[in-house]
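See structure below.
Counting starts at 1 for both ligands and their atoms, following the listed order. Remember, it's a predicted structure, so these values are computed and weren't measured experimentally. Each residue takes its place number in the sequence, starting with 1.
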Amino acid sequence: MSNIIVQKYGGTSVADPKRISGVAKRIISYRRKGVDLVVVVSALGDTTDNLLKLANQVSYLPSEREIDMLISTGEQISVALLAMAIHKLGYEAISFTGAQVGIITDSSHTQARIIRINAARIKRELAEKKIVIVAGFQGADLSREITTLGRGGSDLTAVALAKVLKAKACEIYTDVEGIYTADPRIVPAARKLEMVSYDEMLEMASRGAQVLQTRCVELAKRFNIPIIVRSSFSSKGGTMISKEAKKMEKVVVSAVTLNKNESKITIRDLPDRPGVAAKIFKIIAQEGINVDMIVQNISRTGYTDLSFTAATDNLARTLRAARKASEEIGGGTVSADRDIAKVSIVGVGMKSHSGIAAGMFDILAKNKINIEMISTSEISISCVIRKRLAQRAVRAIHKQFKLEKP
Ligand code: ASP
Ligand code: MG
């Protein structure tokens, strides 16, 4: 194993000059311990969102190549500023774009996948005892076109670098102290978790927890790279995300998550015959839309209604695809309901315990909260409910499963 630690600092950790100086000091405290540091940085504060807004003011449908050209500048600003802040404190540091440090991706602009990383340059700089600072979220394809790795992609940059450099740790610094049993803004009694398994983290991320990018957790799981999530504003220990351990299985429910960014789309009066669902979801998939939950009603008349949930962000596109599908099949009207929320419980211990779903449904019933859709996996249970009842549901479930107690 090397002596390298990869640290990633998120946008809020470097939101202004004062915070950038704070991050520089933290980095140097590690450097003093003799660690070789590779630091990945996100764009300052809301820079990426603001750049995307600008693009949309200039054009309804900006080209994805040009979007990447634009939004990759955010991270280029932060790496340069961080290097300067470190220089000021008397230490050697050098900043790089993704392309400069050999992060080669495919050509799918705004959602590129890393193909390989040629880390020779980074290793050379580390050998010269420099702190290496790398722009997160970006790379270049084989024709040297600049690409980005999907929103939140700096996490992915960090984990991918930790892998190729055989780093001894990959630390993700953010504005919270780790992964919690629930969003502390909703449940003040929420507790920070010491350990979370990759699978739990993946479920939590896809069910509303916004701390880590899903793709980064997938990569970490595939190569068994432990990730530590911790705060850049405190010195507390954080949460370790790693392979499932025996200890974890004792905990039945680890966390409650909430996702308010999905809508329910309903297609009415579909003929109840083989091939209908296949056709609908093929058309929707062709639009690049990820469907989450699906329910189909029982048909009494040979016709049936079908509902599914998908991200509200793409609602217009999803509706267009659903209407097209319904028309082709001879179905009825399509409607959307934005006022839903999805509450989920996640825990590896669910694999070996029964009655957990019943406990969740029971507490929702006691709170007079109607369940509109249900889905389960080996380690999670999700319910769609009315959005206005979402916070109440999260608090009640957290209490029901006594998540505030270790
Ligand atoms: N700045 C990019 C974004 O906001 C990448 C990142 O933050 O990880 O999505
Ligand atoms: Mg960001």
Side-chain angles (χ1 to χ4, degrees), residues 6-16 19-20 23 38-56 62 64-83 95-101 103 105 108-114 117 133-140 146-163 170-176 178-179 201-202 204-206 208-220 225 227-233 238 241 261 290 311-314:
V6 175
Q7 297 188 332
K8 177 256 170 177
Y9 292 90
T12 45
S13 304
V14 292
D16 55 48
R19 289 187 181 179
I20 294 173
V23 166
V38 175
V39 179
V40 175
V41 209
S42 293
L44 272 57
D46 298 328
T47 305
T48 311
D49 287 328
N50 294 336
L51 290 171
L52 285 168
K53 272 183 213 144
L54 268 178
N56 288 317
E64 294 195 323
R65 178 193 184 277
E66 302 306 333
I67 288 185
D68 277 351
M69 190 62 100
L70 179 72
I71 60 180
S72 59
T73 62
E75 273 69 13
Q76 204 170 328
I77 295 172
S78 29
V79 286
L81 291 173
L82 183 57
S95 68
F96 291 111
T97 64
Q100 277 180 302
V101 290
I103 299 178
T105 71
S108 33
H109 284 290
T110 76
Q111 281 296 340
R113 291 190 169 267
I114 298 176
I117 300 180
I133 305 172
V134 179
F137 177 54
Q138 56 174 262
I146 293 175
T147 54
T148 62
L149 309 175
R151 295 306 307 271
S154 301
D155 293 345
L156 189 65
T157 306
V159 173
L161 285 174
K163 179 190 174 270
C170 180
E171 302 180 331
I172 308 273
Y173 285 90
T174 172
D175 53 355
V176 292
I179 311 297
M201 196 63 235
L202 284 171
M204 285 162 75
S206 66
Q210 282 168 342
V211 185
L212 281 181
Q213 192 209 30
T214 311
R215 278 172 61 193
C216 118
V217 185
E218 282 164 359
L219 189 72
I225 299 160
I227 305 175
I228 297 149
V229 178
R230 50 189 300 195
S231 165
S232 58
F233 305 118
I241 298 153
N261 300 322
N290 281 326
T312 302
D313 285 348
N314 307 323

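Looking at heavy atoms from C-beta onward, Val6 lies in side-chain contact with Val40 at the 4.5 angstrom threshold. Using a 4.5 Å heavy-atom threshold, the side chains of Ile114 and Arg215 count as separate.
Taking only non-hydrogen atoms, the option from Cys216, Ser154, Ala158 nearest to atom 8 (O) of ligand 1 is Ser154. Distances from atom 4 (O) of ligand 1 to the heavy atoms of Gln138, Gln213, Lys8, Arg151 put Arg151 nearest.
Checking only distances, Gly150 never comes within under 3.5 Å of ligand 1, N or O to N or O. Where the criterion is an N or O separation shorter than 3.5 Å, residue side chain and backbone included, Asp155 fails it with respect to ligand 1.
Note on ligand 1: Gly136 sits outside its first shell, no heavy atom being nearer than 4.0 Å. In this structure, Gly11 has no heavy atom closer than 4.0 Å to ligand 1.
Between Arg151 and Asp49, at least one side-chain nitrogen of the basic residue sits less than 4.0 Å from a carboxylate oxygen of the acidic one, meeting the salt-bridge criterion. A salt bridge between Lys8 and Glu171 is absent, with no side-chain N of the basic residue lying under 4.0 Å from a carboxylate O of the acidic one.
In terms of modelled atom types and a separation under 3.5 Å, the side chain of Arg19 and the main chain of Thr12 share a donor-acceptor contact.
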